[in-house]
Structures are given as structure tokens and as C-alpha cells.
Amino acid sequence: MRKVKTKVILVILALLVLGIYYYAALPAVNIHSTEFWIFLGILLLLAAGIFIGKKGLNQQELKESRGLKVILGLFAAVVVVYLIGTLLSSPIINAKKYQQLLTVETGEFATDIEELSYDQIPLLDRDSATLLGNREMGSMVDMVSQFEVDELYSQINYQDRPVRVSPLRYASLIKWFTNQGEGIPAYIKIDMATQDTELVKLDEGMKYTTSDHFNRNIYRHLRFRYPTYIFNDLSFEVDDEGVPYWICPVKKFNIGLFGGVTIGRVVLCNAITGETTDYAIEDVPQWIDRAYSADMLIQLYDYHGTLKHGFLNSVLGQRDCLETTEGYNYLAIDDDVWVYTGVTSVSGDQSNVGFVLMNQRTMETRFYEVEGATEASAMSSAEGQVQNLHYTATFPLLLNISGEPTYFIALKDDAGLVKMYAMVNVQKYQIVATGDTVSECEQVYTNLMYENGIKEVEEDTREVQTMTAAISRIAQGVIDGNTHYYIMLEGSDAIFDVPIVEYIDVIRYNVGDTVTIEYKEGEETNTVLSISK
């Protein structure tokens with residue numbers, strides 16, 4: 001009877017340990033999951049322990065026990081299969097397959113990347129957004145004692161605006177216990193161009209988040225609904241109506257047991273209700289911006305660039321081997337978020353051979369062959385322009401300025417606040433412009449391009465026209481400190497701009513005087529070439 005009780009207790013303890021491990025570690029029941037093989041190993045070790053406890057065998061009996069040999073044999077098989085699977089899934093023997101995971105197209109920079117207006121350029125990096133979010137949270141006296149801002153700060157396109165969003169989280173376990181009934185009441189939204197920060201309050205609180213516990217924790221909630229799915233990094237997004245969702249990409253293994261990871265499916269989870277929808281990657285809704293993480297896309301491009309001639313060449317000869325530079329940023333193109341990073345040779349040159357854009361929703365990748373400075377070199381050049389102020393440069397954003405690939409860099413003070421802006425020409429990184437505003441910086445940069453012959457003044461091909469008529473109206477204005485007369489003639493709605501510096505006699509003209517004007521047509525006013533009575 002005592003032996004039966006011992007056996008029952010051992011089995012219960014083993015099941016309890018397995019249950020606790022599964023509830024805490026949440027391994028996917030999937031042969032492609034490393035955690036699953038660890039779970040199997042623990043299960044077999046527990047089985048061996050129970051077998052030994054049940055039999056109470058001495059050392060000699062243990063050596064002769066067939067059941068124990070079977071269990072340990074299975075454990076050894078699990079270890080061997082895992083190790084062999086890891087080897088057979090590695091780039092060492094699958095270099096060609098890894099190199100072909102990503103399809104790279106060659107793009108045309110000036111065509112693919114449109115010039116952005118100033119109100120669409122993301123001026124902030126993640127660290128600056130974090131400062132603004134914490135500052136906004138600190139002003140909410142009714143919430144700051146119970147909640148804090150999560151560190152996610154996902155960059156998305158929201159109603160054609162570049163924004164970062166991050167949910168609140170419970171400030172502590174006690175704060176979770178007292179507030180979990182209503183859920184998390186708001187999320188932070190920061191416009192990356194205007195720097196406007198808003199705490200968006202929800203009609204109903206979010207019940208499924210990373211800071212929730214037990215079954216409402218988002219990872220546990222997903223695991224119990226999709227026990228076989230292996231999820232990649234989750235991201236927080238809001239749809240066009242401002243409803244918060246968790247974007248949960250599901251890994252797809254294309255090479256062996258553990259290799260060639262891409263994304264095969266995406267689970268969409270409503271952060272308020274916990275309702276989930278499962279999509280194949282090609283059917284993901286347009287408003288979702290992040291199915292592929294930036295780190296995954298960069299890893300895939302590094303496989304593409306380094307494994308062209310096999311694994312050994314990537315380690316030894318390194319012929320034609322290219323890799324991404326350290327760091328990345330984001331561009332908003334056609335309502336999608338694209339990861340930007342430079343491409344350089346693995347020899348560690350201080351120059352780029354080009355750069356890539358990778359779509360976080362579709363994995364579409366474009367390479368642009370634009371030789372020039374690395375991002376690190378551009379950052380150093382920008383810091384050198386303001387070295388007396390000791391500002392630090394953020395990782396550049398790649399912009400199209402008058403058809404020229406240009407690094408746009410925010411310069412921050414010791415407190416992490418953006419104080420100035422810099423533009424550095426990618427191909428001629430000694431051309432550096434700085435300014436207190438984006439427009440001022442762009443004006444200085446444009447002038448530098450004219451001075452260095454990068455940009456030429458466009459030839460004026462407008463035809464010279466002549467009009468003779470009486471003056472019907474005359475007005476005066478000042479532009480950049482210079483006086484201009486604006487004249488209208490009878491029978492015409494056109495406005496003629498006469499700078500007094502060039503045509504001093506215009507001060508003698510009055511309404512009713514008949515004049516002859518030679519001019520070229522403009523968008524708002526016509527440019528006067530000569531005027532006489």
C-alpha cells in the first residue's frame with residue numbers, strides 16, 4: 001500500500017512540475033521549436049526519475065533495468081535528433097538555400113523614393129519618442145501613480161502620418177491587482193514629424209497585454225489558442241479607427257528543422273477583447289505595418305549578401321560578400337513601413353556600395369546602388385559641424401532631396417532633446433548642412449549643392465511676352481527687406497511683380513498710366529523683364 005502511495009505521489013509531482021514548466025515557459029508543440037525539444041528532454045528525465053522511484057532499484061538493478069534503458073535511450077535519441085537537426089538546418093551545408101530566401105530587386109532611387117514635405121519627415125528617433133511619452137505620462141496625475149508607458153514604441157503609419165504607439169502597463173504587481181478589472185485605459189501616440197504627443201484614452205480598457213498576468217498575459221493567451229504556432233516578436237499597432245491590436249507573426253521554417261526562418265502567418269489579436277484572427281501572410285490587411293521584424297529582414301539580407309559563393313567563401317575568401325551596416329531606420333512609402341539600412345563590403349570599408357529598403361509587411365526588398373559614406377561616417381560629419389555644442393547625432397534617415405540621396409540627421413543635446421538638424425550628401429559626405437529648423441537646414445543644403453556643382457540652376461525656358469495697357473491697380477509690398485510694386489493692367493487678371501531695386505522709375509507710375517511690360521509668366525505673379533511708359 002505504501003509503494004502504491006509513493007508511485008501516485010511521484011506521478012502527481014511529475015505532472016505538477018511539467019504543468020508549471022509548460023505554463024511558465026509556454027513551449028510550442030511543434031518539432032521546429034527548440035523549446036519543444038527541451039520540454040521533451042525534461043519529460044523523459046522526469047519519467048526516468050519516476051521509474052527509479054517506483055522500483056527502488058539498487059545500482060546493479062539499475063544497470064539491468066530494461067525500462068530505464070528504454071527511457072534513457074529515448075532521451076539520447078532526442079539529444080541526437082536535436083543536434084543533427086541543428087547541423088542540417090545551418091547555413092554551413094545549406095548556403096544556397098539561405099542565400100535564396102530573400103528576393104532582391106534593383107530599384108531607382110529618385111523614382112521609388114519621393115521627396116517628402118517637411119510635415120512628413122520623422123524628426124524623432126525611438127529614444128526621443130520615449131522621452132516625450134514619459135513626459136506626457138507624467139502630466140496625467142490620475143494615471144501616473146497606477147501605470148507607466150511600455151517600452152515598445154512601434155513605428156507605424158496611422159492615417160498617412162508616421163507615428164509611434166505604445167500601450168501603458170501596470171506600474172507593479174499590486175497596481176495590476178487593483179486595476180486589472182478595468183484593464184489598461186490608454187496608449188501613447190506620438191507624431192514623429194510634428195512631435196505632437198497624445199495619451200489616447202479608450203472607452204474600454206485593454207485586457208490582453210504583456211504586463212497582464214495568468215491567462216490574460218498576451219503570450220499565454222496566444223499559446224492556449226494556438227498551441228503549435230511559433231511566434232516571432234510581437235508588435236503593438238492601432239487600426240485606422242484607433243483600436244489597439246497585437247500583431248503576432250508566426251514563424252515559418254524553410255530549411256530543415258530549425259533553419260531558414262521567415263513568416264508564414266500573422267495572428268491579429270484585439271488588445272481589448274482578446275479576439276483573434278489568423279491570416280496567411282499574403283492575406284494580411286493593408287493597415288498592418290509590421291509582420292516582419294527589422295532584425296529578421298536584416299538577417300535575411302545578410303544571408304543573401306554573404307552566401308553568394310557558399311559558406312566557406314563567406315568566412316575565408318569573402319569574394320563579392322556584402323553585409324548590412326550597423327543600425328537601421330524606417331521610411332514610410334505608399335502606406336507601408338520600410339526598413340532602411342546601408343550595404344557595405346565585409347572587409348570593413350568606410351563606405352557603402354548602396355542601401356536596401358525592406359517592406360515589413362510583404363518582405364519586398366529593393367537594392368539601390370548608390371556609393372557613398374556609411375551612416376557612421378555621416379553621423380561623425382554632422383557632429384563635427386557642431387562640435388562646440390557637443391551634440392550627438394541620431395541614426396540617419398535616408399531622404400530624397402532634389403533627386404540626391406541625402407542623410408537626414410537629428411542632433412540631440414545631453415538631455416536627449418533634439419536641438420538641430422543636419423543633412424549630409426551620401427556620395428559627397430563632406431557636404432554637410434545644419435540648421436535650427438528643417439527648412440533652414442534644407443535651404444543651406446541646397447545652396448551647398450549649387451556651390452559644389454551637384455545641382456545646377458535650371459534653365460528658364462519660358463517665352464518672353466509683351467503687354468501694353470493702362471494701369472488699373474498698383475500696390476506695394478516688402479519681400480526679404482526689398483520693396484516690390486505689384487501692378488495690374490486693364491483687361492487682364494495677371495499680377496506683375498516689379499522689384500524697385502531693378503526698376504526705380506516705377507515709383508513715378510500711377511493708376512491710369514499706359515505702360516508696356518515685357519514679362520515671363522509665373523505661377524502666382526508674372527516676372528517683369530522691362531517696364532516703360
Side-chain angles (χ1 to χ4, degrees), residues 91 98-99 101-102 104 107 109 113 122-130 151-155 164 192 232-233 235 261 290 292-308 314-315 318 320-331 337-360 363 365-387 391-399 405-412 416 418 421-430 432:
Y98 273 88
Q99 200 270 336
L101 284 171
L102 194 67
V104 180
F109 176 80
I113 303 177
L123 305 180
L124 303 174
D125 63 358
R126 187 182 181 281
D127 292 338
S128 298
T130 301
E151 298 178 354
L152 291 172
Y153 286 99
S154 305
Q155 181 159 330
R164 282 188 183 266
M192 301 296 285
N232 197 38
D233 298 336
S235 65
V261 179
R290 186 183 179 279
Y292 292 85
S293 68
D295 291 336
M296 177 182 287
L297 291 173
I298 288 172
Q299 179 66 76
L300 289 171
Y301 188 84
D302 284 341
Y303 287 143
H304 176 84
T306 59
L307 298 175
K308 293 178 182 178
S314 70
V315 177
Q318 297 183 331
D320 298 331
C321 288
L322 301 175
E323 65 182 359
T324 55
T325 54
E326 292 186 11
Y328 55 84
N329 215 324
Y330 301 95
L331 283 177
V337 175
W338 297 66
V339 176
Y340 150 77
T341 188
V343 177
T344 186
S345 67
V346 297
S347 60
D349 291 344
Q350 293 302 307
S351 62
N352 286 349
V353 299
F355 59 89
V356 288
L357 293 178
M358 297 170 282
N359 191 307
Q360 287 199 281
M363 202 173 71
T365 301
R366 303 172 187 169
F367 173 77
Y368 299 87
E369 189 174 352
V370 179
E371 296 182 1
T374 63
E375 294 86 350
S377 298
M379 292 164 69
S380 297
S381 294
E383 290 173 351
Q385 291 292 104
V386 291
Q387 57 183 333
Y391 291 163
T392 56
T394 61
F395 191 85
L397 183 70
L398 188 72
L399 297 181
T406 302
Y407 290 129
F408 175 78
I409 300 170
L411 297 166
K412 301 193 296 185
V418 176
Y421 305 98
M423 290 183 180
V424 182
N425 190 275
V426 171
Q427 294 174 304
K428 296 183 178 180
Y429 68 98
Q430 70 273 18
V432 184

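Just so you know, these numbers use all the heavy atoms, side chains as well, and skip hydrogens, waters and symmetry mates.
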Checklist entry - Hey, are the side chains of T394 and I409 touching, using non-hydrogen atoms and a 4.5 Å cut-off? => result yes
Checklist entry - Measuring from D125:CG to Y153:OH, what's the distance to the nearest 0.5 Å? => result 12.0 Å
Checklist outcome for this item: Partner of T324 under side chain to side chain contact (heavy atoms under 4.5 Å, CB included), picked from V339, I298, T344, is I298
Checklist entry - What's the shortest heavy-atom distance between V424 and A382, and which atoms? => result CG2-CB, 4.4 Å
Checklist entry - According to the interplanar angle, ranging from 0 to 90°, do the rings of Y301 and H304 count as parallel (below 30°), tilted (30 to 60°) or perpendicular (above 60°)? => result tilted
Item to check | Student check: side-chain heavy atoms of T406 and L398 closer than 4.5 Å | outcome: no
Next on the checklist: Quick check: do L357 and L331 have side-chain heavy atoms less than 4.5 Å from each other?
Outcome noted: yes
Checklist entry - With distance as the sole criterion, is a donor-acceptor pair present between the side chains of D127 and T130 under 3.5 Å? => result no
Checklist entry - Parallel under 30°, tilted from 30 to 60°, perpendicular over 60°: which one fits the rings of F355 and F109? => result perpendicular
Next on the checklist: In the structure I gave you, are the side-chain heavy atoms of Q155 and Y330 within less than 4.5 Å of one another anywhere?
Outcome noted: yes
Checklist entry - Does S293 reach the side chain of N232, with side-chain heavy atoms less than 4.5 Å apart? => result yes
Next on the checklist: For a 4.5 angstrom cut-off between non-hydrogen side-chain atoms, does Q427 reach E371?
Outcome noted: no
Next on the checklist: Quick one, E383 with T392, criterion side-chain contact (heavy atoms from CB on, under 4.5 Å). Give me CA distance, side-chain angles, the key distance, then yes/no.
Outcome noted: CA-CA 6 Å; E383 290 173 351; T392 56; 4.0 Å; yes
Next on the checklist: Is it the case that atom OH in Y292 sees more than 12 heavy atoms from other parts of the structure closer than 6.0 Å?
Outcome noted: yes
Next on the checklist: Under 3.5 Å, is there a donor on one side chain and an acceptor on the other for S377 and T374?
Outcome noted: yes
Checklist outcome for this item: What one should report as the nearest heavy-atom pair of M296 and V261 is CE-CG1, 3.8 Å
Item to check | Heavy-atom closest pair, residues M363 and L102 | outcome: CG-CD1, 3.7 Å
Checklist entry - Of the non-hydrogen atoms in C321 and S314, which two are nearest, and what is the gap between them? => result SG-CA, 3.9 Å
Next on the checklist: Does L411 form a side-chain contact (heavy atoms from CB on, under 4.5 Å) with V418? I'd like the steps, not just the answer.
Outcome noted: CA-CA 6 Å; L411 297 166; V418 176; over 6 Å; no
Next on the checklist: When you compare the side chain of R164 with that of M192, does any pair of heavy atoms fall below 4.5 Å?
Outcome noted: yes
Item to check | Minimal non-hydrogen separation, E375 against G342, with atom names | outcome: OE2-N, 2.8 Å
Checklist entry - Got more than 12 heavy atoms from elsewhere within 6.0 Å of CD, Q387? => result no
Checklist entry - Given the rule in the ring-ring contact (aromatic ring centres under 6.0 Å, His included) test, do F408 and Y421 qualify, once you have shown the distances and angles that lead to the verdict? => result CA-CA 7 Å; F408 175 78; Y421 305 98; 5.8 Å; yes
Checklist entry - If you look at every heavy atom in P396 and Y407, which pair is closest and at what distance? => result CB-CD2, 3.6 Å
Checklist entry - Below 4.5 Å, heavy atoms only, C-beta onward: do N352 and T325 meet side chain to side chain? => result yes
Item to check | Trace of the side-chain contact (heavy atoms from CB on, under 4.5 Å) decision for V343 with F367 | outcome: CA-CA 9 Å; V343 177; F367 173 77; 4.1 Å; yes
Item to check | Chi angles and distances behind the side-chain contact (heavy atoms from CB on, under 4.5 Å) call for V346, T306 | outcome: CA-CA 8 Å; V346 297; T306 59; 4.2 Å; yes
Next on the checklist: Measuring from atom OG of S154 to atom CZ of R290, what distance do you get when rounded to the nearest 0.5 angstrom?
Outcome noted: 6.5 Å
